[in-house]
There are 2 protein chains.
Amino acid sequence: MAPTEKITINDIARRTGLSKGTVDRVLHNRGEVSKKSYAKVMEVIQELGYEPNVYASLLAKGGSQLVAVLIPSHEPGSFWELAASGIEKAAEGPGTLGIRIELFEYDQYDIDSFRDACSRVLEARPAGVVVAPLFQEETLAFTGKLKGQGIPYVFIDSKPESDDSNLAYFGMPLYKSGYLCADQLTAGQENVTNVLMVRVRRDRLQQSDPTINRRAGFMDYMLEHSPECTLGNLFITPNDPNGTYFKLDSWFQEHPDVKHVVMFNSRIHLIVPWLEDHPDPERRVVGFDNLAANLDALRRGTVTSLIAQHPDEQVRLAVETLAEYILLKKLPPRKDNFMHMDILTRYNVEYY
Amino acid sequence: MAPTEKITINDIARRTGLSKGTVDRVLHNRGEVSKKSYAKVMEVIQELGYEPNVYASLLAKGGSQLVAVLIPSHEPGSFWELAASGIEKAAEGPGTLGIRIELFEYDQYDIDSFRDACSRVLEARPAGVVVAPLFQEETLAFTGKLKGQGIPYVFIDSKPESDDSNLAYFGMPLYKSGYLCADQLTAGQENVTNVLMVRVRRDRLQQSDPTINRRAGFMDYMLEHSPECTLGNLFITPNDPNGTYFKLDSWFQEHPDVKHVVMFNSRIHLIVPWLEDHPDPERRVVGFDNLAANLDALRRGTVTSLIAQHPDEQVRLAVETLAEYILLKKLPPRKDNFMHMDILTRYNVEYY
DNA sequence: ATAATTTCCGTTACCGTGCACGGAATTCGA
DNA sequence: TCGAATTCCGTGCACGGTAACGGAAATTAT
């Protein structure tokens, strides 16, 4: 960057009349330096604009550090599988500065498995942690421990309200995404009259539920643009294709005038079989996240558009942020990073 | 990646009974090695799965290499300003492995300035080049020289048909983007009847014009979905706000039934003043690229949606690809990288 | 056969930092 | 005042790879 020749720790040493050992001690302020020497070194560092050589540092440190990624287990075709795939992308690129990444999974419906995963992470003594905080209380207990041990951590996907000592957060602006979703569903037209919201019943409590905020954004948009629109609710359960199909059948029998359908989580693919058995060229269908099954439905035209947040990118960015902090103690430019909401349609899905 | 302890060049040397000097010579095949030794070293490298330590290598090499970026001059608010901003993003991140990046600009309407820029690039003796090839013939002459000198190069934005020795290409699928554009303009509805295409007259020849392919994709979509739609053409000239305004005025006077407006280049902002003086809630307006002026119009609702290709990302990826190739001789996974076409609306423009 | 090349290879001094070790200088206690 | 405990600091090796240098071995010329 600076056109001046690169100045090294030795230059600082010579300039201050001290040795590089001492300079190194003040650079990593690990004590054993007199106030006078410390001040002198700092002064010269400022003056010459010293910037450490990353590569020499990484080389000398040798043994690579560990970053733990703590996310729900990634069943095939699930949202979290996408996130897990970001780990590999992160690992191969040069952005992680040769850091080691390890995946720790937990069952998103079992709080004990989360606790267990947390303690496994702590045992691994990571230099940094990426966590998807589905269980609010437990997450805070966990990050409290991390903070106590001076281990930096980054949230992805969502973020507990009350935690403010995280290094960063990468996620989607949920409320806004609901707003955008409504705009997509209605194609920007006013006075839409009927919409069905298909929802997945959550029996477990104490989880943070991103769909709440999304639904809020969605409903506010509808209130503004189509005030007299009736919003139907239909609850389905996962892993029950027949039940889902049947529920849709009977619901639409009762509400034959309803056209557009929306879901606020990543499982729009669950209702695709019914939709494809009952085609309607005027129906618009909007869902979230770029799961393979969702993309397929998009390509076939069953789903009109998807709003994607690319969890793999979130993981990659989270890991790189931690790597730069751990290795170069470089703070991220922003703490809260709201990621771009990608609108996917059948016409741009091939290139994303 | 491999759980095995990392093996170094010294391990190879010990295992082969040779010295690390020799191993280094075969690694960079710079000769002065007997066939027998060469084979032996290669064998052991395979066997142990040796992977060089990037950081040690970079440290030892010392002086950083140069990548030249050759793009049209970036007037404020222009498309190429976005591209130029990608250089800084690339420079600061760790992805470029400490490589030096230098910008070489040319006047996109002056072929001589392009020639001049090319020779300036060659004088700088770069280790790699990023080119935006607006002038087809001249670009081929230039890349021919690069090839002769063994300098790798990457295309962004567009790519000459006949060049196949480039390292990679990053750009938007132009035809498809026109298709997508049409879908956005019509909101997916069939039998739209009237559309105006505002175009910028190109007086210079021999330039590659991305809008041709876009328009083709657009018209094919319209032919499929709204066969009897009439497509109006209106030609404007840049840097002539009054003339543009006047032309729009008289055109719409003659065609009062036309609602939707589209432009295939990045200059949709040129017609925004007229549009805002003649508001129409049913009108849809679609353009390309995330210029600041376009984004503003999007926020105000004057422009319905923009299709963005993020030229800064193209530059960043191009530079990182070159860096990995130059420093680690790692080939990119794909040569032709069609980038995601981002659909921007007023509801997702804040977070991109 | 000996000298002159050429081919091939080992040695060695870096690159810039990190960090352990030991010693000098200072302060403290008696 | 003298030894002991601190405090502070310099030295030197290690990290893994690069490349110049010079010399031994093999080849060619005379």
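Letters A, B, ... are given to chains in the order of the sequence lines, protein chains preceding strands, and every chain is numbered from 1.
A straight line from CD1 of B/Ile12 to P of C/dG10 spans 14 Å, rounded to a whole angstrom. Rounded to whole angstrom, the span from the CG atom of B/Leu97 across to the C1' atom of C/dC15 amounts to 17 Å. The CZ atom of A/Arg14 sits 13 Å away from the C1' atom of C/dG16 (whole-angstrom rounding). The distance from atom CG of A/Leu328 to atom P of C/dG16 is 17 Å, rounded to the nearest whole Å. One can place OH of A/Tyr38 at 18 Å from P of D/dT7, the figure rounded to the nearest angstrom.
Ring to ring, B/Phe155 and B/Tyr169 are not that close: their centroids are 6.0 angstrom or more apart.
Listed by first and then second residue, the side chain to side chain donor-acceptor pair (under 3.5 Å) pairs that reach into residues 114-135 of chain B are B/Asp112-B/Arg115, B/Arg115-B/Glu138, B/Asp116-B/Arg120, sequence neighbours excluded.
Between B/Thr22 and C/dG10, a side-chain N or O to OP1/OP2 separation shorter than 4.0 Å is present. Using a 4.0 Å cut-off, some side-chain N or O of B/Ser19 falls inside it from OP1 or OP2 of C/dG10. Taking only side-chain nitrogens and oxygens, A/Ser34 comes nearer than 4.0 Å to OP1 or OP2 of D/dC9.
Applying the salt bridge (charged side-chain N to carboxylate O under 4.0 Å, His left out) test to A/Arg30 and every residue at least two apart in sequence or in another chain returns A/Asp24.
Side-chain atoms of B/Asp163 come within 3.5 Å of backbone N or O of B/Asn166 as a donor-acceptor pair.
Position along DNA chain C of the nearest nucleotide to B/Leu18 versus A/Leu58 favours B/Leu18 as the more 5'-ward residue.
Checked options A/Ile9, A/Thr8, A/Leu27; the residue passing with A/Lys20 is A/Ile9 (criterion: side-chain contact (heavy atoms from CB on, under 4.5 Å)). Exactly one residue among B/Val315, B/Asp312, B/Val319 makes a side-chain contact (heavy atoms from CB on, under 4.5 Å) with B/Lys89. That residue is B/Asp312.
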Fill in: Heavy-atom protein contacts under 4.0 Å, nucleotides 14-21 of chain D, coded B base, S sugar-phosphate only, - none
-BBBBB--
